[in-house]
There are 2 protein chains.
Amino acid sequence: MADKNHELRDKGLRLTPQRQLVLEAVRALGHATPEEVAEKVRATHPGINLSTVYRNLETLENVGLVQHTHLGHGGATYHAAEELTHLHLVCGKCGSVGDAPIETAAPFVNTLIDEYGFKTDVTHFAIYGTCANCTAKS
Amino acid sequence: MADKNHELRDKGLRLTPQRQLVLEAVRALGHATPEEVAEKVRATHPGINLSTVYRNLETLENVGLVQHTHLGHGGATYHAAEELTHLHLVCGKCGSVGDAPIETAAPFVNTLIDEYGFKTDVTHFAIYGTCANCTAKS
DNA sequence: TTTTTCCTGCAAGTTATTTGCAACTCGCAT
DNA sequence: ATGCGAGTTGCAAATAACTTGCAGGAAAAA
């Protein structure tokens, strides 16, 4: 546990309960909007302010502990940096977010680098479409 | 020209100058935010209202003449349906939007269908990363 | 413990987009 | 041509999602 505390201190950040809660919430949720993070945090610490959540998400992103992506619709979604091992398959119909290993995109990513010099940021990679479930229903 | 008018009428829409201007603007701009579309339209028709632009973009999208995508940052960007022949390579540093033919992604798209049953919507496909230009500068 | 600096809560401020509503005008039917 | 009715527009107010200024409060260093 002592080690866990250090992960924030080591980044030069203060160890506040709010900050820890935000980080824990992001990790527990997998991926979530700021609003969802706030809701999760409020389960144990009702008083937390939305702007504190926003500010901490930004701070945590600056030190590399979390990242955000835009998954198609409106707001950004955050997830823990450790979780960056998969692509996000966003279903435009049901809104579900599926996963696929990043290797799936490796050939494609390489093509873009070779032919266009464009370095794809896999961590921000969101793929839009229709999931198997919704395809079956229609 | 008479034919051109029909493309809107045929969809069951009224032919208003605002509507035509919005559609023309989207086609002329390639891809643009609602704000940019409004600005373009105002070049020839200064009085047009922003909400009219929003409403028309939505209407035109409903009949399939334009489409929108979320290119990473905040707002949606619209483009004409005919223009859906390329992928968008969005640079997270300079914000530029490059193009690549959809075929580039074909193998990748097929993999996702085969392995996950996920049908990628190429028209909403936005790829996030760093463009050659910005890579060079850093 | 004292000080310095960072954080937090709160409220007000932005920015982007939507909506209610009355006036208007496009296109069908005289 | 002319009029009527529904689809449209402009305007202003309303939302929604964030961001920011500021003063008090709490970590961490001294």
Side-chain angles (χ1 to χ4, degrees), chain A residues 2 4-26 31-39 41-42 44-63 65-66 68-78 95, chain B residues 1-2 4-26 31-42 44-63 65-66 68-78 95:
Chain A
K4 194 158 193 183
N5 293 339
H6 288 310
E7 95 184 295
L8 286 173
R9 304 285 325 284
D10 288 350
K11 300 286 186 177
L13 298 178
R14 273 192 199 170
L15 201 55
T16 70
Q18 292 88 334
R19 187 161 290 161
Q20 294 179 77
L21 285 163
V22 167
L23 180 53
E24 282 164 24
V26 171
H31 38 66
T33 63
E35 197 69 47
E36 291 167 336
V37 171
E39 201 176 308
V41 172
R42 286 190 180 122
T44 59
H45 186 127
I48 198 168
N49 194 284
L50 236 194
S51 29
T52 299
V53 172
Y54 276 102
R55 282 191 279 226
N56 273 321
L57 286 172
E58 194 185 328
T59 303
L60 292 172
E61 183 158 35
N62 284 337
V63 299
L65 287 173
V66 307
H68 83 275
T69 313
H70 295 277
L71 298 185
H73 36 292
T77 54
Y78 286 82
Chain B
M1 316 246 139
K4 195 158 191 183
N5 292 338
H6 287 310
E7 95 182 298
L8 286 173
R9 304 286 325 286
D10 288 350
K11 299 287 188 179
L13 298 178
R14 274 199 198 164
L15 201 56
T16 70
Q18 292 89 332
R19 186 114 74 203
Q20 295 178 75
L21 285 163
V22 167
L23 180 53
E24 282 165 23
V26 171
H31 40 66
T33 62
E35 196 70 48
E36 291 167 336
V37 171
E39 200 177 307
K40 174 82 177 176
V41 171
R42 287 193 179 117
T44 58
H45 186 128
I48 198 167
N49 194 284
L50 235 194
S51 29
T52 299
V53 173
Y54 275 101
R55 283 190 280 227
N56 274 321
L57 286 171
E58 193 186 329
T59 303
L60 292 172
E61 183 158 35
N62 284 337
V63 299
L65 287 171
V66 308
H68 83 275
T69 313
H70 294 277
L71 298 184
H73 35 292
T77 55
Y78 287 81

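In what follows, chains are A, B, ... by sequence order, proteins preceding strands, each numbered from 1. Note that the coordinates shown come from a computational prediction; the quantities given were computed from them, not determined experimentally.
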Problem - Atom-to-atom span, CG of N56(B) to P of dG7(D) - whole angstrom - result: 15 Å
Fill in the blank from the handout: Separation between CD (E58(A)) and OH (Y78(A)), nearest 0.5 Å, reads 7.0 Å
Practice task
Using whole Å, report how far NZ of K11(B) lies from C1' of dG7(D).
Solution key: 18 Å
Completion exercise
H68(A) NE2 to dA17(D) P, in whole Å, measures 16 Å
Practice task
Could you check if a side-chain atom of L65(B) sits within less than 4.5 angstrom of a side-chain atom of L8(B), using non-hydrogen atoms only?
Solution key: yes
Practice task
Indicate yes or no: at least one non-hydrogen side-chain atom of L50(A) is less than 4.5 angstrom from one of E35(A).
Solution key: yes
Practice task
Looking only at non-hydrogen atoms, find the nearest pair between A38(B) and I48(B) and report the distance.
Solution key: O-CG2, 4.5 Å
Problem - 4.5 Å side-chain heavy-atom contact, E7(A) and L23(A) - result: yes
Practice task
Kindly say if Q18(B) contacts the phosphate of dG10(D), meaning a side-chain N or O under 4.0 Å from OP1 or OP2.
Solution key: yes
Practice task
Output yes when at least one side-chain N/O atom of Y54(B) is less than 4.0 Å from OP1 or OP2 of dT17(C), else no.
Solution key: yes
Exercise for the section: Would you check if the side chain of E61(A) reaches a backbone N or O of H68(A) as a donor-acceptor pair within less than 3.5 Å? Expected result: yes
Exercise for the section: Taking the side chain as every heavy atom from C-beta outward, state whether N56(B) and L21(B) have any atom pair closer than 4.5 Å. Expected result: no
Handout entry: Nearest to side-chain heavy atoms of R19(B), which nucleotide of dG9(C), dG7(D), dC7(C)
Key = dG7(D)
Problem - Rounded distance in Å - CD (E58(B)) to P (dT17(C)) - result: 12 Å
Fill in the blank from the handout: Rounded to whole Å, the CD-P distance (E36(A) to dC18(D)) equals 11 Å
Practice task
Provide, to the nearest angstrom, the distance between the CG atom belonging to L50(A) and the P atom belonging to dA11(C).
Solution key: 14 Å
Practice task
In whole angstrom, give the distance that lies between atom CG of L57(A) and atom P of dC18(D).
Solution key: 10 Å
Exercise for the section: At under 4.0 Å between heavy atoms, which parts of nucleotides 21-30 of chain D does protein reach? Answer with one letter per nucleotide, 5' to 3': B base, S sugar-phosphate only, - none. Expected result: B----BBSS-
Handout entry: Rounded interatomic separation in angstrom, taking CG from N49(A) and P from dC18(D)
Key = 15 Å
